[in-house]
Structure formats: C-alpha cells, structure tokens
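Down below is the structure, laid out as structure tokens.
We count ligands from 1, going down the list as the structure has it; atoms in each ligand are counted the same way. Starting from 1, each residue takes its place in the sequence as its number.
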Amino acid sequence: MRTARYGRKIRKLYEQADEKRKKRYECPRCGKRSVKRVSYALWECRSCGAKIAGAAYSLTSEAGETSKRVLAAGAKGE
Ligand SMILES: [Zn+2]
C-alpha cells in the first residue's frame, strides 16, 4: 500500500470506521444488541448465533438490507 498517497483524511475515516466496528448492533433476528463483527463484512449475534453479511465496518449503514440477508444458523457455505 502506498501510504504516502493517503493523508490525514483517510486516517480520520479509518478511525471513524474503527469506532463503528467496535460497537454492538441490534440483531435483526432476535432483536438483542449482541451482534458483533467477526470478520470482514460478517457479523454474528452472540445471543442467537445468527450470522449476518453486512457492510465491512458498520451494520447499520445497510440496516434495511441486512434483515433480508440473515443467514440461517448452520447454513452451508459462508
Ligand atoms: Zn440474535
């Protein structure tokens, strides 16, 4: 990565994204605030185990979409 090309602006954006990433989100399946990011664009509910394919750094940015994309627990693939 050519870091020299990216200045403070990018770093600021990254920090904001990082803050969002650490937050917990409401589970579209059970409604509890126990959804945590487990890997890139993949979120998991600690309560009911639902896996959600969301945005990379924030689940809420696509809140309307995520409920449609809740993966069944124990589903094959992803
Ligand atoms: Zn849940």
Side-chain angles (χ1 to χ4, degrees):
M1 189 192 243
R2 285 177 285 171
T3 47
R5 292 199 65 171
Y6 304 100
R8 271 176 289 167
K9 196 177 174 185
I10 285 292
R11 194 178 159 169
K12 199 178 174 185
L13 284 171
Y14 178 79
E15 281 169 8
Q16 283 174 353
D18 204 46
E19 261 178 49
K20 283 184 191 171
R21 204 176 54 183
K22 285 171 191 163
K23 277 189 192 169
R24 291 193 172 199
Y25 293 94
E26 197 171 286
C27 176
R29 195 175 167 197
C30 69
K32 289 180 184 172
R33 276 186 102 77
S34 24
V35 175
K36 282 182 76 180
R37 185 176 173 273
V38 289
S39 68
Y40 185 82
L42 183 67
W43 304 70
E44 188 176 35
C45 176
R46 298 283 165 180
S47 181
C48 71
K51 283 189 169 65
I52 301 136
Y57 298 110
S58 170
L59 190 57
T60 51
S61 68
E62 291 186 79
E65 291 293 312
T66 46
S67 56
K68 295 174 201 160
R69 290 196 279 157
V70 175
L71 306 171
K76 290 173 196 167
E78 302 179 73

Counting only protein atoms, how many N/O/S atoms are less than 2.8 Å away from the Zn ion (ligand 1)? 4
Enter the distance from Glu44:CD to Cys27:SG here, rounded to the nearest 0.5 Å. 10.0 Å
Sequence neighbours excluded, which residues qualify as salt bridge (Lys or Arg N to Asp or Glu O under 4.0 Å) partners of Arg11? Glu15
Reported NZ-to-SG distance for the pair Lys32 and Cys45, which is rounded to 0.5 angstrom: 7.5 Å
Heavy atoms only: give me the nearest Gly49-Arg29 pair and the separation to one decimal. C-NH1, 4.5 Å
Residues Gly31 and Glu26: closest non-hydrogen pair is O-CG, 3.2 Å
Return the OH to CZ distance between Tyr25 and Arg33, rounded to the nearest 0.5 Å. 8.5 Å
